[in-house]
**Q** 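Below: one structure in structure tokens.
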There are 2 protein chains.
Amino acid sequence: MTKYHHGDLPAALRAATAELVAEKGPSGFSLREVARRAGVSHAAPAHHFGDAEGLLTSVAAEGFQRLADAMEADGDHIDDALQRLRTVGAGYVRVALENPGHFAVMIQSDLVCNDDPALMEHSLRAYAALQRGMELVRDQLNPDLDIDTAATFCWASIQGLVSLSPKLDDVASDTGTKATPVNVLVDEFANYMVHGMAAR
Amino acid sequence: MTKYHHGDLPAALRAATAELVAEKGPSGFSLREVARRAGVSHAAPAHHFGDAEGLLTSVAAEGFQRLADAMEADGDHIDDALQRLRTVGAGYVRVALENPGHFAVMIQSDLVCNDDPALMEHSLRAYAALQRGMELVRDQLNPDLDIDTAATFCWASIQGLVSLSPKLDDVASDTGTKATPVNVLVDEFANYMVHGMAAR
DNA sequence: GGTCAATCTTTACGGTGGCAACTTACCAGT
DNA sequence: ACTGGTAAGTTGCCACCGTAAAGATTGACC
């Protein structure tokens, strides 16, 4: 059984891409290196993804899928606004730390095709889960809350935390203080966010 | 100082880099294209910056310098905590929008050498200005506030807003709603942040 | 005017992305 | 069971890129 045909090459290529990006950053990504790691020739990815942007877009979509799944699973059964935001925020950070390669690609929006249907679907699904959390905040804490502004605020804060986390370690080592772990910070952030949005 | 053949090649190369990155994103950056735009041969940048990372590091340092200068000039004469956070936040966004190429490089920390002295100096200077703002919040609104946690929160929120702003436009166009301009959002963010940090 | 060092150019080499042409495996229809 | 078609992967090619080395040019200093 000569395995000329790979079992599931697209998935293997996505995994290799995520691994490579997690190791060397998005700038260290190389289509040929990914193909090498997957054990295929350098032109094989083109048959499934067209070009490098196509592969990276697929990785980003996969990342948003995992994020949206986690946000829905974590949050959609919680009725208390603060507890939901805490839990979903912690889940966001957890997924981001578990999938560093995916998230690095998801943020770097000039690498991906933002019109991709799968990418749009899952990223909108994640955003919708966040919006439902904001509706809870509005219903329980502040009827005047603007849902979209609040959702953007939470999204930006958590995403900023994740993308700044390597730099935080640098600053901490430079100033001599020790860095607070990200999963601890996110809890404080949730407090700040909820209290900030609850104020009228 | 450097004024032999070219007028001031290092500065010209930084400017060309920022322009190119602003146009095509960090992934569209190419040392040869930068040299082409500056009107020099493709190996000229190496003599001043060593390699591509050196040039990008210099651009990032320049960006942090402009940011730190603005944050100090905008904030250091304001005594009211909320007003200071508002003003500095607006200034952050303004500098980011005025220097999109610089900021794209500053965020993408795998592109730059984070040990660079100039980079460290200016980024720590910006962080210190932010810390002074947090001390105002502590003194005026909440004596129990943890300065570093609060500073990280504000930094992450504003930086997340800036780096998410292109994606916000996408989401808005996908959902049919219209996107709120970033310079309006930052004002709301400042409210959320201050009220969140003031709660005890 | 002559020497020297800094600045830039030229040349060369290995790596990379994308394209075209080719080979191999699988599958559907008769 | 054969056969045509299609999907999956390979090889070869070209232009571009980053970097290193060696050559050329310019300004500065004595």
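Order of the sequence lines fixes the chain letters, A, B, ..., with proteins taken first and strands second; residue numbering starts at 1 for each chain. When reading the values below, keep in mind they use all heavy atoms of this one structure, side chains included, and skip hydrogens, waters and symmetry mates.
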**Q** What parts of residues 17-32 of chain B reach DNA chain D, counting only heavy atoms under 4.0 Å away?
**A**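 Close to the strand are B/Ser30, B/Leu31, B/Arg32.
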**Q** Using ring pair (Phe, Tyr, Trp, His ring centres under 6.0 Å) as the criterion, list what pairs up with A/Phe49, not counting sequence neighbours.
**A** none
**Q** Is A/His48 touching bases, backbone alone, or none of the nucleic acid, heavy atoms closer than 4.0 Å?
**A** sugar-phosphate
**Q** Taking 4.0 angstrom as the limit, do B/Arg132 and B/Glu135 come out as a salt bridge?
**A** no
**Q** Of the residues in residues 105-112 of chain B, which ones touch DNA chain C at a heavy-atom distance under 4.0 Å?
**A** none
**Q** For residues 17-24 of chain B, which side-chain N or O atoms pair as donor and acceptor with protein atoms under 3.5 Å away, sequence neighbours left out?
**A**
{"unit_1": "B/Thr17", "atom_1": "OG1", "unit_2": "B/Leu13", "atom_2": "O", "d": "2.8"}
{"unit_1": "B/Glu23", "atom_1": "OE1", "unit_2": "B/Arg37", "atom_2": "NH2", "d": "3.0"}
{"unit_1": "B/Glu23", "atom_1": "OE2", "unit_2": "B/Arg37", "atom_2": "NH1", "d": "3.2"}

**Q** At their closest point, which heavy atom of B/Ala81 faces which heavy atom of B/Leu141, and how far apart are they?
**A** CB-CD1, 4.2 Å
**Q** Can you sort out the partners of B/Tyr192 under ring pair (Phe, Tyr, Trp, His ring centres under 6.0 Å), two or more places apart, ordered by chain and number?
**A**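 Once residues adjacent in sequence are excluded, the partners of B/Tyr192 under the ring pair (Phe, Tyr, Trp, His ring centres under 6.0 Å) criterion are A/Phe153.
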**Q** Provide the full list of side-chain hydrogen bond (donor to acceptor under 3.5 Å, both in side chains) pairs with a residue in residues 118-128 of chain A, sequence neighbours left out, each pair given once.
**A** A/Asp69-A/Arg125, A/Glu72-A/Arg125, A/His122-A/Arg125, A/Tyr127-A/Asp148
**Q** Taking B/Arg84 for the side chain and B/Gly75 for the main chain, is one N or O donor matched with an acceptor at less than 3.5 Å?
**A**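 Yes, B/Arg84 side chain to B/Gly75 backbone: donor-acceptor pair under 3.5 Å.
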**Q** Please give, in whole Å, the distance from D/dT19 P to B/His47 NE2?
**A**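 In whole Å, D/dT19 P lies 15 Å from B/His47 NE2.
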**Q** Is there a donor and acceptor pair, one atom on the side chain of A/His42 and one on the base of D/dG12, closer than 3.5 Å?
**A** yes
**Q** Between A/Asp74 and A/Thr87, do the side chains contain an N or O donor and an N or O acceptor separated by less than 3.5 Å?
**A** no
**Q** Heavy atoms only: give me the nearest B/Ala70-B/Val95 pair and the separation to one decimal.
**A**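 So the two residues come closest at CB-CG2, 3.6 Å.
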**Q** Rounded to 10°, tell me the angle between the two end axes of the helix from C/dG1-D/dC30 to C/dT30-D/dA1, each built from five pairs.
**A**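 Computed angle between terminal axes is 10°.
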**Q** Please report, rounded to the nearest Å, how far the C1' atom of D/dT10 is from the CZ atom of A/Arg36.
**A**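 Whole-Å distance recorded here is 15 Å.
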**Q** Throw together a table of side-chain donor-acceptor distances under 3.5 angstrom for residues 53-61 of chain B, partners on residues two or more places apart or in other chains.
**A**
{"unit_1": "B/Thr57", "atom_1": "OG1", "unit_2": "B/Glu53", "atom_2": "O", "d": "2.7"}
{"unit_1": "B/Thr57", "atom_1": "OG1", "unit_2": "B/Cys113", "atom_2": "N", "d": "2.9"}
{"unit_1": "B/Ser58", "atom_1": "OG", "unit_2": "B/Arg14", "atom_2": "NH1", "d": "2.9"}

**Q** Provide the full list of side-chain hydrogen bond (donor to acceptor under 3.5 Å, both in side chains) pairs with a residue in residues 178-189 of chain B, sequence neighbours left out, each pair given once.
**A**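 Sorted pair list: B/Arg86-B/Asp187.
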**Q** Let's see if you get this right: which residues in residues 49-62 of chain A place a heavy atom under 4.0 Å from DNA chain D?
**A**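 Heavy-atom contacts with DNA chain D come from no residue of residues 49-62 of chain A; none.
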**Q** Sort and list the pairs that fulfil ring-ring contact (aromatic ring centres under 6.0 Å, His included) and have at least one residue in residues 52-74 of chain B, not counting sequence neighbours.
**A**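 Sorted result for residues 52-74 of chain B: empty, none.
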**Q** If a pair satisfies ring-ring contact (aromatic ring centres under 6.0 Å, His included) and one of its residues is in residues 77-119 of chain A, list it, with sequence neighbours excluded.
**A**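 Passing the test, one end in residues 77-119 of chain A: A/Tyr92-A/Phe103.
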